[in-house]
Visitor: 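I'd like to ask some things about the structure below.
For ligands, and for the atoms within them, numbers begin at 1 and follow the listed sequence.
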Amino acid sequence: MTDCVFITGATSGFGRAAAHRFAAAGWSLVLTGRRLERLEALKEELQGQVPVHIVALDVRDSDAVDAAVAALPEGFTRVRTLLNNAGLALAPQPAQKVDRRDWHTMIDTNVTGLVNVTHALLPTLIDVGEGATIVNVGSIAGQWPYPGSHVYGASKAFVKQFSYNLRCDLLGTGVRVTDLAPGIAETEFTLVRTGGDQVAADALYSGTTALTAEDIAEQMFYIATLPPHINFNRLEVMPTRQAWSAFAIDYD
Ligand code: NDP
Ligand code: 8X3
């Protein structure tokens with residue numbers, strides 16, 4: 001039986017690139033995301049290579065997540081790697097100017113959604129045991145503060161600590177957990193974050209060398225295929241052309 005990867009947020013960016021990367025290595029794919037037409041197009045691209053199962057799924061809906069996992073068809077039930085990748089940032093303005101609903105959407109997606117999928121797949125992953133892997137996509141924003149990150153960064157700090165805490169409880173099961181924390185990477189992320197501002201998105205990525213979705217997909221695949229006795233607790237990856245900056249000081 002081939003290995004099977006369950007990917008959330010497979011319709012774009014890291015998740016889509018991961019679908020290609022795992023397919024190239026012969027893994028069966030469970031591809032999820034809200035945009036069904038994108039899932040169908042991806043299935044069309046990859047089903048000649050490997051078995052592909054798609055599910056239009058909003059990770060915020062715990063009943064839908066449970067139902068999707070319970071309804072996995074034969075050949076896709078032995079999920080060996082979970083890529084908890086679906087997520088988003090919104091409202092890059094200062095906290096005091098942000099609509100509360102944007103905060104809720106980030107918490108519902110990045111925290112509750114990730115927890116929903118993890119909870120639904122944990123029994124399977126534990127049953128698979130040695131070599132089973134959860135890759136939780138965190139962010140440098142979960143470790144380092146910056147203006148306009150407010151709830152986004154806090155949600156990714158949750159991802160980090162949840163990953164570490166999971167490791168404690170999963171000790172002895174063989175299941176690995178990694179907080180994969182990328183820096184700036186060119187995907188649709190900034191378009192979503194800015195509410196569809198293509199100019200702002202282009203400005204952020206032009207004139208530098210951001211990570212690509214394929215770079216992160218490669219890290220995901222690397223983590224998932226490490227020898228089973230190795231667990232990367234956290235892997236923080238920045239492009240060479242990104243670093244920290246000085247502390248901000250409020251002068252008179
Ligand atoms: P994209 O916007 O390109 O992709 C985001 C994916 O998340 C889409 O497939 C989208 O699918 C899915 N998604 C969003 N909300 C939901 C939801 N409620 N239910 C199911 N799927 C959802 O961004 P990236 O690929 O860059 O982002 C992937 C992850 O990486 C996110 O968790 C992000 O926070 C994180 N990250 C991104 C960085 C970057 O600079 N790009 C850096 C660090 C971390 P759909 O809309 O079809 O549902
Ligand atoms: C997104 C990466 O650099 O915008 O998680 O915080 S960054």
Visitor: Among the heavy atoms of L57, does any lie under 4.0 Å from an atom of ligand 1?
Guide: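 Flag set, L57 near ligand 1.
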Visitor: Closer than 4.0 Å to some heavy atom of T11 - which atoms of ligand 1 meet that?
Guide: 8 (C), 9 (O), 10 (C), 11 (O), 45 (P), 47 (O)
Visitor: At less than 4.0 angstrom from any non-hydrogen atom of E188, what atoms of ligand 1 do you find?
Guide: 2 (O), 3 (O)
Visitor: Just which atoms of ligand 1 are under 4.0 Å from any heavy atom in G138?
Guide: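 In order of number, 43 (C), 44 (C).
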Visitor: Could you identify the single nearest non-hydrogen protein atom to atom 2 (C) of ligand 2 and state the distance to 0.1 Å?
Guide: S139 OG, 3.7 Å
Visitor: Heavy atoms only, cut-off 4.0 Å: how does K156 contact ligand 2, side chain, backbone, both, or neither?
Guide: neither
Visitor: So which protein heavy atom does atom 7 (S) of ligand 2 come closest to, and at what separation?
Guide: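 Atom 7 (S) of ligand 2 sits closest to the protein heavy atom Y146 OH, 3.6 Å.
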Visitor: Any chance the side chains of N136 and N84 put a donor and an acceptor closer than 3.5 Å?
Guide: yes
Visitor: Considering only non-hydrogen protein atoms, determine which one is nearest to atom 25 (O) of ligand 1 and report residue, atom name and distance to 0.1 Å.
Guide: F14 N, 2.9 Å
Visitor: Taking distance alone, with no angle check, do V59 and ligand 1 share an N/O pair under 3.5 Å?
Guide: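 By distance alone, the answer is yes.
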Visitor: Identify, by atom number and element, the atoms of ligand 1 in contact range of Y152, meaning under 4.0 Å from any of its heavy atoms.
Guide: 33 (C), 34 (O), 35 (C), 36 (N), 44 (C)
Visitor: Does an N or O from Y205, backbone or side chain, lie closer than 3.5 Å to an N or O of ligand 1?
Guide: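 No.
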Visitor: What I want to know is whether V192 and ligand 1 share at least one N or O pair that is separated by under 3.5 angstrom.
Guide: no
Visitor: Does any donor atom in the side chain of T32 or T8 lie under 3.5 Å from an acceptor atom in the other side chain?
Guide: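 Short answer, no.
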Visitor: Please state which part of T109 comes within less than 4.0 Å of ligand 1, counting heavy atoms only: side chain, backbone, both or neither.
Guide: side chain
Visitor: Is it true that the NZ or CZ of R193 lies under 6.0 Å from the centre of Y152's six-membered ring and within 45 degrees of the ring axis?
Guide: yes
Visitor: Between A213 and F14, what is the shortest heavy-atom contact and its length?
Guide: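 For A213 and F14, the tightest heavy-atom pair comes out as CA-CD2, 3.8 Å.
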Visitor: Does an N or O anywhere in S139 fall below 3.5 Å from an N or O of ligand 1?
Guide: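 No, since none of the N or O atoms of S139 sits under 3.5 Å from an N or O of ligand 1.
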Visitor: Distance under 4.0 Å to a non-hydrogen atom of S12: what atoms of ligand 1 satisfy this?
Guide: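 Going through ligand 1 atom by atom, the ones under 4.0 Å from S12 are 1 (P), 3 (O), 4 (O), 8 (C), 9 (O).
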Visitor: Out of all atoms in ligand 1, which are within 4.0 Å of some heavy atom of G13? Include the element for each.
Guide: 3 (O), 25 (O)
Visitor: Is there any salt bridge (Lys or Arg N to Asp or Glu O under 4.0 Å) pair reaching into residues 17-29, and which pairs are they, with sequence neighbours excluded?
Guide: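 Non-adjacent pairs meeting salt bridge (Lys or Arg N to Asp or Glu O under 4.0 Å): R21-E218.
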Visitor: Give the residue and atom name of whichever protein heavy atom lies nearest to atom 3 (O) of ligand 2, and the separation in Å to one decimal.
Guide: I140 CD1, 3.5 Å
Visitor: Distance check, rounded to the nearest 0.5 Å: S139 atom OG versus E236 atom CD?
Guide: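 Between S139 OG and E236 CD, I get 8.5 Å after rounding to 0.5 Å.
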Visitor: Please determine whether a side-chain nitrogen of the Lys or Arg among D3 and R80 lies less than 4.0 Å from a carboxylate oxygen of the Asp or Glu.
Guide: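 Counted as a salt bridge, because a side-chain N and a carboxylate O are separated by less than 4.0 Å.
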Visitor: Need the ligand 1 atom indices (1-based, order shown) with element for anything under 4.0 Å from a heavy-atom of V137.
Guide: 29 (C), 30 (O), 35 (C)
Visitor: What atoms of ligand 1 come closer than 4.0 angstrom to any heavy atom of G183?
Guide: 40 (O), 42 (C)
Visitor: Please state whether E186 comes within less than 4.0 angstrom of ligand 1, counting heavy atoms only.
Guide: no
Visitor: Checking R38 against E188 for the salt bridge (Lys or Arg N to Asp or Glu O under 4.0 Å) test, could you report, in this order, the C-alpha distance in whole Å, the side-chain angles of both residues, the deciding distance, and whether it holds?
Guide: CA-CA 14 Å; R38 288 198 182 198; E188 293 176 15; 3.0 Å; yes
Visitor: Should A185 be counted as touching ligand 1, given the test is an N or O pair under 3.5 Å?
Guide: yes
